[in-house]
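First the structure, in the form of structure tokens, and then the observations on it.
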2 protein chains.
Amino acid sequence: MSIYKGILENVAKYVQLTDDEIAQFTAILKPTRIKKRQFVVQPGFVSEYRNYIVEGAVRVFYVDALGKEHTIIIAIEDWFFTDFFSYIHQTPAEYYAEALEDSLILQMKYDDVEELCGKVHSLCQYFRLYTERSMSFSYKRTVSNIGKSSEERYWEFVDKYPQIASRVPQYVLASYLGISPESLSRIRSRS
Amino acid sequence: MSIYKGILENVAKYVQLTDDEIAQFTAILKPTRIKKRQFVVQPGFVSEYRNYIVEGAVRVFYVDALGKEHTIIIAIEDWFFTDFFSYIHQTPAEYYAEALEDSLILQMKYDDVEELCGKVHSLCQYFRLYTERSMSFSYKRTVSNIGKSSEERYWEFVDKYPQIASRVPQYVLASYLGISPESLSRIRSRS
DNA sequence: AAATACGCTTGACTTTTATCAAGACCTACC
DNA sequence: GGTAGGTCTTGATAAAAGTCAAGCGTATTT
């Protein structure tokens, strides 16, 4: 079974590529194995790649002035991750991307993606549609952040992503939800 | 001066359209005047349009179970707004879009945009690139929401969007930042 | 111009959440 | 198999933010 199966199925949900286009696309995908705790992106270095997870889990986080970590993205199979701002603008990253488990990812270089999107209309469509959907989900998270209590945010997350909630360390989830680890522990303990 | 000037300049920042493509694009833009407090989108109705603001200001907000309002988007000239989830999925909206001032907007129907993006590669590129940039900014807001105090979020906003901060009512800004109006008032008063 | 509605402020109080500190548990590794 | 590191929990306390309520000033309306 090809390691491209997942990502090609993802693409197929939005657009239909010809065999030639599939070949061009997979040609820019670089399979990479990363070990738990390994960094894929680090502050100060440009996030050159848009990364797709074939197998494993990754988080993107930043460390504030007080040394506290804040998790921006938790990604598992069939998700993309990168320091999006750094990737899009090709400027030095501010965040870390760290493997939460041994993982297999597909890396696509910014320049390659841009070149291919310039040539292949369907692929451009794919990324447009995919990003628009990501955007609509991003607003949902914002709604949660500005309008809900810590407790509500936690249970909402568990409800939406039960597999992730049980798969990542609690302190990571806490930092994703904007809650201190102690408070999250208490939220869980009161039923 | 054409009312399309702003949006075409916006497009031109990302891609170059031929005269014919420009004509096709402007053909799907429906100029609409809306009065202060008028709703462009309402819960229960599909948000058919992606809206571009030529002149004026609009906010997108939702009302929670307790009747409290939470502002998801504050948009002024040269910004797009809509209930993004409703628009993308063409399902009934959950949010309101309300004019904060008398405004002039350009409305483009979902179907028209999709059809044109299917035909015109450059326009597809434009929306892809624009949305990717929006996405990278959306992450910044998330970072702010999960990692910063109310006070920090307020001053960050004032620093980033001074024109908006002085243009919209304080309670709107408070609901955008996820702060109660009273707390925002106090934050401002302590210097 | 008076009446009204709205937005903002301020005070007193409550609730939520963070912080600091200690300890328990577990797992991995020498 | 013991030690170390990392994770989670619990308690005591502090800080941040929300709530409720009253009042003030300024637009807006009639």
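Numbers restart at 1 for each chain; the letters A, B, ... are given by sequence-line order, proteins then strands.
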Parallel, tilted or perpendicular: which one describes the rings of A:Phe61 and A:Phe39, with boundaries at 30° and 60°? tilted

Let me know the distance between CZ of B:Arg37 and P of C:dA5, rounded to the nearest Å. 13 Å

Quick one: B:Leu100 CG to C:dC6 C1', roughly how many Å, whole number? 15 Å

Below 4.0 angstrom, which residues in residues 163-189 of chain A have at least one non-hydrogen atom near DNA chain C? A:Gly178, A:Ile179, A:Ser180, A:Glu182, A:Ser183, A:Arg186

Can you tell me how far C1' of D:dA17 sits from CD1 of A:Ile146, to the nearest Å? 16 Å

Separation of atom OH in A:Tyr154 from atom P in D:dC8, rounded to whole Å: 11 Å

Rounded distance in Å - CZ (A:Arg190) to C1' (D:dG11): 15 Å

Closer than 4.0 Å, any side-chain N/O of B:Ser150 to the OP1 or OP2 of D:dA17? yes

Does a side-chain N or O from B:Lys68 land closer than 4.0 Å to OP1 or OP2 of D:dG18, or not? no

B:Phe157 six-ring centre to B:Arg141 NZ/CZ under 6.0 Å and within 45° of normal: no

Regarding B:Lys148 and B:Glu156, does a basic nitrogen lie under 4.0 Å from an acidic carboxylate oxygen? yes

Do side-chain atoms of B:Asp83 reach the backbone of B:Glu94 as a donor and acceptor pair under 3.5 angstrom? yes

I'd like to know if B:Glu9 pairs up with B:Lys5 as an ion pair, taking the criterion as any Lys NZ or Arg NE/NH1/NH2 lying under 4.0 Å from an Asp or Glu carboxylate oxygen. yes

Distance to the ring centre below 6.0 angstrom and angle to the axis at most 45 degrees; does that hold for A:Arg50 and A:Phe127? yes

Nearest-Å distance for atom pair NZ/C1', residues A:Lys148 and D:dG18: 18 Å

Just the rounded figure in Å: distance from P of C:dT15 to CD of A:Glu151. 15 Å

